[in-house]
Visitor: 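If you scroll down you'll find the structure; I have some questions about it.
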Amino acid sequence: MTYSPIPCADYDQYELWCMQNAELLITLHSGEQLQDKAVNLKIIHPDGEHLIITTAKGEHNVRLDLITSAIVV
């Protein structure tokens with residue numbers, strides 16, 4: 001699946017949440033939900049931009065264009 005860039009305003013919001021180490025409830029296009037702390041943004045070639053979240057099991061990469069919603073909990 002080809003990466004589709006997200007709007008700059010959405011990217012800026014993810015950056016802010018990372019600076020705050022905000023705990024997010026993330027819903028993906030697949031319907032899967034993740035609830036973890038946002039820690040960083042990263043470009044992973046060739047997959048595109050990812051949100052790095054931290055879990056009890058370590059870091060998890062979430063491709064930004066696969067996120068349908070993200071809210072602070």
Visitor: Would a single hydrophobic cluster contain both Leu51 and Val73, if residues Ile, Leu, Val, Met, Phe, Trp and Tyr are joined by side-chain heavy-atom contacts under 4.5 Å?
Guide: no
Visitor: Taking side chain to side chain contact (heavy atoms under 4.5 Å, CB included) as the test, write out the residues that go with Ser30, two or more places apart.
Guide: Leu28, Glu32
Visitor: To the nearest 0.5 Å, what is the distance between CG on Leu64 and CD1 on Ile6?
Guide: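 With rounding to 0.5 Å, CG (Leu64) is 4.5 Å from CD1 (Ile6).
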Visitor: Side-chain heavy atoms under 4.5 Å apart, restricted to Ile/Leu/Val/Met/Phe/Trp/Tyr: what other residues fall into the cluster of Ile43, or is it alone?
Guide: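 Listed partners: none, Ile43 stands alone.
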Visitor: Which residue pairs pass the salt bridge (Lys or Arg N to Asp or Glu O under 4.0 Å) test when at least one of the two sits in residues 39-54, sequence neighbours left out?
Guide: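 Residue pairs passing salt bridge (Lys or Arg N to Asp or Glu O under 4.0 Å), neighbours aside: none found.
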Visitor: Can I get a per-line list of side-chain donor-acceptor pairs under 3.5 Å for residues 52-60, giving both atom names and the distance, sequence neighbours left out?
Guide:
from, atom 1, to, atom 2, distance (Å)
Thr55, OG1, Lys57, N, 3.1
Thr55, OG1, Gly58, N, 3.2
Thr55, OG1, Gly58, O, 2.8

Visitor: Throw together a table of side-chain donor-acceptor distances under 3.5 angstrom for residues 11-25, partners on residues two or more places apart or in other chains.
Guide:
from, atom 1, to, atom 2, distance (Å)
Glu23, OE2, Gln35, NE2, 2.9

Visitor: On a heavy-atom basis, which atom in Thr2 and which in Arg63 lie closest, and how many Å separate them?
Guide: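 Nearest heavy atoms, Thr2 then Arg63: O-NH2, 3.6 Å.
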Visitor: Output the distance between atom NE2 (His29) and atom OG (Ser69), rounded to the nearest 0.5 Å.
Guide: 10.0 Å
Visitor: Tell me, please, which residues at least two apart from Asp36 pass salt bridge (Lys or Arg N to Asp or Glu O under 4.0 Å).
Guide: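 By the salt bridge (Lys or Arg N to Asp or Glu O under 4.0 Å) rule, Asp36 matches no residue at all.
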Visitor: For Thr68 and Thr27, indicate whether the former's side chain and the latter's backbone hold a donor-acceptor pair under 3.5 Å.
Guide: yes
